[in-house]
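See below for the structure under consideration.
Note that these values count all heavy atoms, side chains included, but never hydrogens, waters or copies made by symmetry. The chain is numbered in sequence order, starting from 1. All of these numbers come straight from a predicted model, not from anything done at the bench.
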Amino acid sequence: MNIINNYYKLFKKSEILLLLFSYLIMPFLIQVNGHINFIYIVLTSNYITLIINTYYLVLIYKKTQSMNNLSHYLITRLGYKTALISIHSFGNSLTLFMTLGLYLFLFVVYGAVHMSIDLLWLLVINTFIYFIETNMILLQFNRKPNIMFIVIPIIINLVYHYVFF
């Protein structure tokens, strides 16, 4: 777990503050008609898909590239399997924190009126897709930089949002 804590040091305060600021301005940018719940906002908001998710994916891509510069040291010190597992557990924990922060913030702002089990399942599927996108980006670890590691997750993000919602 000490290795995972060291990965968090890769993030600058300005990057984290920009993500938090994008959360805070969300209620001013999202048009709400009537009484809707936070899950509906997560699934249908273009702002979340285009700005927050894309920023998060690009941030993970940049951090994976910086970890690639250290990959030889990590592999030598930890071993290939342990380094790979710690990189993916770091990405998954970061994705979990990002999604839980987003969901909790929207829950506080918009509430949970008119909840249904179908919307809850769509939220779980949406979260699962976030994990898939993050792990696709993290597959870049110990490989040459390739733009496809970021393009494919962003395309999946946009296609999932615009085709299904």
Side-chain angles (χ1 to χ4, degrees), residues 1-26 30 37-71 74 78 81-110 119-143 145-165:
M1 283 306 211
N2 191 21
I3 298 295
I4 294 173
N5 291 334
N6 289 333
Y7 290 139
Y8 288 115
K9 293 178 184 175
L10 291 172
F11 290 92
K12 298 175 186 170
K13 289 181 183 178
S14 61
E15 295 167 340
I16 295 170
L17 288 175
L18 184 60
L19 187 64
L20 291 176
F21 179 73
S22 65
Y23 281 8
L24 292 176
I25 64 170
M26 202 178 324
I30 296 176
N37 56 23
F38 76 100
I39 297 175
Y40 181 78
I41 300 257
V42 167
L43 297 175
T44 60
S45 172
N46 291 332
Y47 174 75
I48 294 173
T49 301
L50 293 176
I51 306 298
I52 294 177
N53 292 348
T54 304
Y55 174 72
Y56 173 73
L57 292 173
V58 168
L59 192 62
I60 292 292
Y61 179 75
K62 284 176 36 181
K63 297 310 167 187
T64 305
Q65 284 184 338
S66 65
M67 285 186 284
N68 274 341
N69 295 335
L70 304 171
S71 67
L74 285 172
L78 299 174
K81 276 188 170 182
T82 308
L84 197 60
I85 288 171
S86 67
I87 294 283
H88 281 279
S89 60
F90 160 70
N92 287 332
S93 66
L94 195 63
T95 303
L96 182 66
F97 289 139
M98 192 274 300
T99 55
L100 284 179
L102 177 68
Y103 297 160
L104 287 174
F105 177 74
L106 289 175
F107 178 76
V108 168
V109 172
Y110 294 105
L119 283 177
L120 191 60
W121 277 112
L122 288 174
L123 186 69
V124 169
I125 291 169
N126 192 36
T127 306
F128 185 69
I129 287 176
Y130 288 158
F131 282 112
I132 290 172
E133 292 168 352
T134 302
N135 283 310
M136 287 176 70
I137 292 172
L138 292 173
L139 287 174
Q140 178 190 347
F141 178 70
N142 202 27
R143 293 192 173 110
N146 190 346
I147 195 72
M148 296 311 280
F149 283 106
I150 188 66
V151 169
I152 292 173
I154 289 176
I155 289 173
I156 289 172
N157 186 29
L158 295 174
V159 166
Y160 174 73
H161 176 72
Y162 288 112
V163 168
F164 292 107
F165 303 106

Taking everything shown except [X] itself, do over 12 heavy atoms lie less than 6.0 Å from its [atom1]?
X: Y110; atom1: OH; answer: yes
X: F97; atom1: CZ; answer: no
X: Y162; atom1: OH; answer: yes

Over all atoms of both residues, closest heavy-atom pair of [X] and [Y]:
X: L106; Y: V42; answer: CD1-CG2, 3.3 Å
X: M67; Y: F90; answer: CE-CE2, 4.0 Å
X: N68; Y: Q140; answer: ND2-O, 3.3 Å
X: G101; Y: Y23; answer: C-CE2, 3.9 Å
X: M136; Y: F149; answer: O-CD2, 3.4 Å
X: L57; Y: I137; answer: O-CD1, 3.5 Å

**Item:** Sequence-distant partners of F107, ring-ring contact (aromatic ring centres under 6.0 Å, His included), two or more places apart
**Value:** F38
**Message:** Going by the rule ring-ring contact (aromatic ring centres under 6.0 Å, His included), which residues pair with Y160 if we only count those two or more places apart in sequence or in a different chain?
**Reply:**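 Y160: ring-ring contact (aromatic ring centres under 6.0 Å, His included) contacts with F164, F165.
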**Request:** Check the pair I125, I129 against side-chain contact (heavy atoms from CB on, under 4.5 Å), reporting the backbone distance first and the verdict last.
**Result:** CA-CA 6 Å; I125 291 169; I129 287 176; 4.1 Å; yes
**Request:** Could you walk me through whether Y47 and I52 pass the side-chain contact (heavy atoms from CB on, under 4.5 Å) test, one step at a time?
**Result:** CA-CA 7 Å; Y47 174 75; I52 294 177; 3.7 Å; yes
**Message:** As a quick check of understanding, evaluate side-chain contact (heavy atoms from CB on, under 4.5 Å) for L119 and L43, giving each step before the final call.
**Reply:** CA-CA 9 Å; L119 283 177; L43 297 175; 4.2 Å; yes
**Prompt:** Can T95 and T134 be counted as having a side-chain donor-acceptor contact under 3.5 angstrom?
**Reply:** yes
**Message:** For a quick check under 3.5 Å, do H161 and N46 share a side-chain donor-acceptor pair by atom type?
**Reply:** yes
**Prompt:** Given I48, which of T54, N126, I41 fulfils the side-chain contact (heavy atoms from CB on, under 4.5 Å) condition?
**Reply:** I41
**Message:** Show every salt bridge (charged side-chain N to carboxylate O under 4.0 Å, His left out) that has at least one partner inside residues 44-70, sequence neighbours left out.
**Reply:**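 Qualifying pairs: E15-K62, E15-K63.
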